[in-house]
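Here's the structure we're looking at; comments come further down.
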Amino acid sequence: YYEQNKEKVQKYLSQYKKTYRKANAGKLNAQEAKRRASKSQRTPVWLNEFDWLKIQCLYQLAAMYSKESGQPWHVDHIIPLQGNLASGLHVPNNLQVIPGSINMSKRNKFEVYFG
């Protein structure tokens with residue numbers, strides 16, 4: 001059904017998201033505030049100017065990929081800032097640029113592969 005009605009489904013989802021955001025603005029604002037606080041609490045003071053430059057470059061790379069592909073790309077924390085088992089830091093070595101769809105499906109999961 002999705003493949004045959006892609007535009008219709010995307011239009012519906014877009015409208016649904018707008019309606020949801022309006023109806024749940026307080027909830028979404030609280031979640032974003034929590035995320036910002038978590039990010040600031042997990043940003044170490046020992047980061048130097050070069051580390052900040054690397055972080056900035058990753059965000060610029062994600063923006064460039066998004067513009068080129070027309071699909072959203074995100075800067076993802078490999079070890080989530082608010083994970084259940086482990087909480088990572090907001091440092092360059094814990095960041096990666098990935099497609100937004102993959103990042104959204106990942107949520108706050110951190111998987112360890114042994115092999």
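Every heavy atom of this structure was used, including side-chain atoms; hydrogens, water molecules and symmetry mates were not.
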Would you find a donor on one side and an acceptor on the other, under 3.5 Å apart, between the side chain of Asn94 and the backbone of Leu89? yes
Please say whether more than 12 non-hydrogen atoms of neighbouring residues, nucleotides or ligands are located less than 6.0 Å from CE in Met64. yes
Is there a chain of hydrophobic side chains (I, L, V, M, F, W, Y, each step under 4.5 Å between heavy atoms) that links Leu58 to Ile102? no
So do the side chains of Tyr65 and His74 get within less than 4.5 Å of each other, counting heavy atoms only? no
How long is the gap from NZ on Lys22 to CG on Leu28, to the nearest 0.5 Å? 13.5 Å
Measure the NZ-CG distance between Lys11 and Leu13 for me, rounded to the nearest 0.5 Å. 12.5 Å
dist Gln31:CD -> Asn29:CG (nearest 0.5 Å) comes out at 9.5 Å
More than 12 heavy atoms of other groups within 6.0 Å of Tyr2 OH: yes
When you look at Leu95 and His90, which way does the side chain to side chain contact (heavy atoms under 4.5 Å, CB included) test go after all the steps? CA-CA 8 Å; Leu95 299 174; His90 185 64; 4.2 Å; yes
More than 12 foreign heavy atoms under 6.0 Å from OH of Tyr12: is that the case here? no
Hey, what do you get for OG1 (Thr43) to CG (Leu81), rounding to the nearest 0.5 Å? 7.5 Å
Hey, are the side chains of Lys54 and Asp51 touching, using non-hydrogen atoms and a 4.5 Å cut-off? yes
Kindly indicate, with the supporting measurements, whether the criterion side chain to side chain contact (heavy atoms under 4.5 Å, CB included) is fulfilled by Leu61 and Trp73. CA-CA 9 Å; Leu61 183 64; Trp73 283 70; over 6 Å; no
Give a yes or no on whether Glu32 atom CD has more than 12 heavy-atom contacts from other residues, nucleotides or ligands under 6.0 Å away. yes
How long is the straight-line distance from CD of Gln60 back to CD of Gln56, given to the nearest 0.5 Å? 4.5 Å
I need the minimum non-hydrogen distance between Ile79 and Ser87, along with the two atoms involved. CG2-C, 4.0 Å
If hydrophobic clusters are built from ILVMFWY residues whose side chains come within less than 4.5 Å, do Val91 and Ile55 share one? yes
CG (Leu53) and CG (Leu47) are apart, to the nearest 0.5 Å, by 12.5 Å
